[in-house]
Amino acid sequence: MIETLAWTGSALRLLDQTKLPRETVYVDITDERQMHDAIRRLVVRGAPAIGVAAAFGVYLGVRNAGTIDALDRVCDYLATSRPTAVNLFWAIDRVKRIGRERGADAILAQAIAMIDEDHRVNRAIGANGLALLDSIADRKSKIGNPVSILTHCNAGGLCSAGFGTALAPVYLGHERGRRFHVYVDETRPLMQGSRITAYELQANDVPATLICDTMTAAVMSQGKVDAVIVGADRIAANGDAANKIGTLGVAILARHFGVPFFVAAPTSTIDAATKTGADIPIEQRDAAEVTRFAGTQTAPEGVNVYNPAFDVTPAALITSIITERGVATPPNAEKIAELLKSPRSS
Ligand code: MRU
């Protein structure tokens, strides 16, 4: 798998995802300002990867300040980098508690441990999701034919420290000899689907077909999709899930065409303190992401733009939420609470 991030001993090395797929460039992040900027500009992106990166950002800030007294300031600052992915706040809170009790070295040890933990969690999501995909394959008598998945945005290896969330069942199945085909929504405006998901599926030899977001309905209407799997940036206590803008439309289409719609995410993406999707803060991004395309102005100068980076899919449109601790089918407040109480599988 392509490496998203790695600790060098003095810096966090990040794959610059803004340059994919044309250039593979790694940047070394050595302080909290660079980390804030990398998260805000999507150099590192995807909820689990942002969380791990922020944990290292806290360490770098405290290390450079030379005193643990800087802990609250550094944490508060990094928490302003992006608002929606709850993994950011989850990771910052986690290392903050450890830093208060045990100091800067313990923050670094925890951040390093989070890389391995993320791999383990994602493989467990993969196992739970693969069981669902296998049952779809059985039901549809697909034995020997590839199961056709559709995904939106990037919740593959590059959204995480490795292996991904929504694509984890696909990667695990691929390892175990199952056959999949993945339709990849390009995901305007920042093209995480075409730039990142198509790239990593190709690099991992998983058959994939790229489509424009506008083609999803046609592809589903033609019976070409057996299941949709997407990731999440924050899941509310009632199972409503925020994910990349456009996901809600895909969920509505899936319901219309009778296609199962799965959300795969670690339990660190569940925010028990956020009651419903209406309470999830949605990041608004720069108008230029919409008015420009591939570096060229494509809209009239001065046009009004609305550019929310995420939308919320209500739990009622989600068939199951797949986590490392189990699956919530159908997702609702009771099932989510049960999941959070169940023992960790990693
Ligand atoms: O803005 P991004 O690229 O950080 O968006 C996050 C995402 O990649 C998606 O919403 C993803 O499906 C969830 S992150 C596992």
Side-chain angles (χ1 to χ4, degrees), residues 1-32 34-60 78 81-82 85 87-88 91 95 107-126 151 153-175 182 184 190-206 208 231 233 264-266 268-269 324 346:
M1 289 239 151
I2 305 152
E3 195 156 63
T4 315
L5 46 80
W7 178 244
T8 66
S10 57
L12 188 67
R13 184 158 293 165
L14 295 176
L15 174 62
D16 185 346
Q17 299 194 31
T18 65
K19 296 196 159 48
L20 291 175
R22 289 193 309 176
E23 289 174 67
T24 305
V25 175
Y26 284 88
V27 287
D28 283 358
I29 303 295
T30 57
D31 66 36
E32 77 273 27
Q34 292 171 1
M35 188 64 81
H36 190 286
D37 180 64
I39 294 172
R40 191 185 53 79
R41 287 195 307 108
L42 277 51
V43 168
V44 60
R45 48 148 296 284
I50 291 174
V52 175
F56 280 98
V58 172
Y59 169 70
L60 292 169
L78 284 167
S81 54
R82 291 189 77 186
N87 306 60
L88 175 79
V95 291
I107 297 177
L108 177 60
Q110 177 63 44
I112 291 171
M114 283 166 77
I115 295 180
D116 280 348
E117 181 187 25
D118 192 58
H119 281 268
R120 282 196 309 275
V121 161
N122 294 341
R123 288 193 81 88
I125 291 172
T151 194
C153 195
N154 174 264
L158 290 169
C159 84
S160 65
F163 214 64
T165 55
L167 293 185
V170 172
Y171 287 136
L172 192 69
H174 194 62
E175 274 178 19
V182 184
V184 179
L190 293 181
M191 319 298 272
Q192 287 92 333
S194 60
R195 291 190 307 103
I196 303 173
T197 302
Y199 168 73
E200 66 162 85
L201 286 170
Q202 200 174 57
N204 289 297
D205 288 327
V206 177
D233 296 84
S268 53
T269 300
E324 79 281 13
S346 57

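Numbering starts at 1 and runs along the sequence shown.
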If I take atom [atom1] from residue [X] and atom [atom2] from residue [Y], how far apart are they, to the nearest 0.5 angstrom?
{"X": "Leu60", "Y": "Ile29", "atom1": "CG", "atom2": "CD1", "value": "8.5 Å"}
{"X": "Leu15", "Y": "Gln17", "atom1": "CG", "atom2": "CD", "value": "5.5 Å"}
{"X": "Gln202", "Y": "Glu200", "atom1": "CD", "atom2": "CD", "value": "11.5 Å"}
{"X": "Ile2", "Y": "Thr24", "atom1": "CD1", "atom2": "OG1", "value": "7.5 Å"}
{"X": "Arg45", "Y": "Ser160", "atom1": "CZ", "atom2": "OG", "value": "9.5 Å"}
{"X": "Ser81", "Y": "Ile50", "atom1": "OG", "atom2": "CD1", "value": "7.0 Å"}

Taking Val184 as the fixed residue, which of Ile196, Leu201, Asn154 is the one that meets the side-chain contact (heavy atoms from CB on, under 4.5 Å) rule?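 Single pass found, and it is Leu201.
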For [X] and [Y], work out which heavy atoms get closest and say how close.
{"X": "Ile39", "Y": "Leu88", "value": "CD1-CD1, 4.1 Å"}
{"X": "Val182", "Y": "Thr151", "value": "CG1-CG2, 3.9 Å"}
{"X": "Asn204", "Y": "Tyr171", "value": "ND2-OH, 3.5 Å"}
{"X": "Leu20", "Y": "Arg195", "value": "O-NH1, 3.1 Å"}
{"X": "Ala91", "Y": "Gly51", "value": "CB-O, 3.1 Å"}
{"X": "Ala38", "Y": "Leu14", "value": "CB-CD1, 3.8 Å"}

Given Thr269, which of Thr165, Asp233, Asn87 fulfils the side chain to side chain donor-acceptor pair (under 3.5 Å) condition?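 By the side chain to side chain donor-acceptor pair (under 3.5 Å) criterion, Thr269 pairs with just one of Thr165, Asp233, Asn87: Asn87.
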N/O donor-acceptor pair under 3.5 Å between Asp118 side chain and Met114 backbone: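 Between the backbone of Met114 and the side chain of Asp118 there is no qualifying donor-acceptor contact (under 3.5 Å).
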Using the salt bridge (Lys or Arg N to Asp or Glu O under 4.0 Å) criterion, which residues pair with Glu175? Sequence neighbours excluded.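 Glu175 satisfies salt bridge (Lys or Arg N to Asp or Glu O under 4.0 Å) with Arg123 only.
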Identify, with sequence neighbours excluded, every residue that meets side chain to side chain contact (heavy atoms under 4.5 Å, CB included) alongside Ala111.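 Side chain to side chain contact (heavy atoms under 4.5 Å, CB included) check on Ala111 returns Ala55, Phe56.
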